[in-house]
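Values in this document were obtained by computation on a predicted structure and should not be read as measured data.
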Amino acid sequence: MAKPTVVFVLGPPGAGKGTQSSNIVKNFNFTHLSAGDLLRAERNTGSDLADLINGYIKEGKIVPVKITCGLIEKAMQEDPNSKFLIDGFPRNKDNLDGWNEVMADKVDARFVLFLDCPAEVSGRLLLVSTERCLSRGAAGGGRVDDNLESLQKRHATYENETKPVLDEFLKQGMLRKIDATRDVDAVWTDVDALFREENLA
Ligand code: UDP
Ligand code: MG
């Protein structure tokens, strides 16, 4: 049996990972596995892990990899598709090490779609991604972490923990960076072209 194809989707909170992922699903028949959505679903079952997961999410911290990776593996096993988008993971070194230990040999990881949406450029604050999350929160998105306090923590986690993982993928020649500060259609034009170039269309 051929190993399932995996593409990771990373970028700061509000970069548009979920939005572009749903375009990829529609156009290229991937299954979308959002690590954040899997964690929120597990929390909502009220299992023994619910309080622990909710605490991490509110604080913008990264849930221990055994939990997240276990949810991803289970979701992959339950889905007959052979193409998976893994959105919002791996977002720190613990995530990457845990994934490599358990999953790396079981999949064909092709590349990382990096939706780049810098919070700061040359000392000037760009609030694009924060504003997107705040408007999602204000529109009743129902997330416990789309408020300014949680968002500041999520951004700090991204800067301190996720950026080193992106550097690691860059070194491995795995990173495909797209400017995600633009509107959805402009970003999609580039994402669409990338998936075609990578023979995933
Ligand atoms: N999270 C985590 N591990 C993951 C993915 C998400 O711990 O692999 C937690 C983390 O607390 C994060 C939150 O879930 O801040 C929301 O993640 P999601 O990807 O949904 O948010 P986004 O970055 O898309 O705004
Ligand atoms: Mg998301």
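- More than 12 heavy atoms of other residues, nucleotides or ligands lie within 6.0 Å of CG in Asp183, so this atom counts as buried by the packing criterion.
- Open room surrounds CD on Glu149; 12 or fewer heavy atoms of other groups in view lie less than 6.0 Å from it.
- Using a 4.5 Å cut-off on side-chain heavy atoms (C-beta onward), Val9 and Leu115 make contact.
- Of all heavy-atom pairs between Ile24 and Leu113, the closest is CD1-CD2, 3.9 Å.
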Side-chain donor-acceptor pairs under 3.5 Å in residues 49-66, sequence neighbours left out?
from: Asn54; atom 1: OD1; to: Arg43; atom 2: NH1; distance (Å): 2.7
from: Glu59; atom 1: OE1; to: Lys153; atom 2: NZ; distance (Å): 2.9

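- Ion pairing of Arg196 with Asp192 is present here, as a side-chain N (NZ or NE/NH1/NH2) and a carboxylate O approach within less than 4.0 Å.
- In this structure, Arg154 contributes its side chain and Asp145 its backbone to a donor-acceptor pair below 3.5 Å.
- Here the closest heavy-atom approach between residue Met76 and residue Val6 is recorded as CE-CG2, 4.0 Å.
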Could you give the side-chain donor-acceptor pairs of residues 133-142 under 3.5 Å, partners two or more places apart or in another chain?
from: Ser135; atom 1: OG; to: Glu131; atom 2: O; distance (Å): 3.2
from: Ser135; atom 1: OG; to: Arg132; atom 2: O; distance (Å): 3.1
from: Arg136; atom 1: NE; to: Asp146; atom 2: OD2; distance (Å): 2.8
from: Arg136; atom 1: NH2; to: Asp146; atom 2: OD1; distance (Å): 3.2
from: Arg136; atom 1: NH2; to: Asp146; atom 2: OD2; distance (Å): 3.4

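- Evaluation of the ring pair (Phe, Tyr, Trp, His ring centres under 6.0 Å) rule for Phe111 yields Phe195 as partners, not counting sequence neighbours.
- Looking at heavy atoms from C-beta onward, His155 lies in side-chain contact with Pro12 at the 4.5 angstrom threshold.
- Taking every heavy atom of both residues into account, Ala109 and Phe8 meet most closely at CB-CE1, 4.1 Å.
- Within 6.0 Å of atom CD in Glu101, 12 or fewer heavy atoms from other residues, nucleotides or ligands are found, so the atom counts as exposed in its surroundings.
- Using a cut-off of 4.0 Å between Lys/Arg side-chain N and Asp/Glu carboxylate O, Lys177 and Asp116 are scored as salt-bridged.
- Minimum heavy-atom separation, Pro90 to Asn95: CB-CB, 3.5 Å.
- Side-chain N or O atoms of Lys83 include one that pairs as donor or acceptor with a backbone N or O of Leu200 at under 3.5 Å.
- A donor-acceptor pair is defined here as one N or O able to donate and one able to accept, closer than 3.5 Å; no such pair exists between the side chain of Glu161 and the backbone of Ala156.
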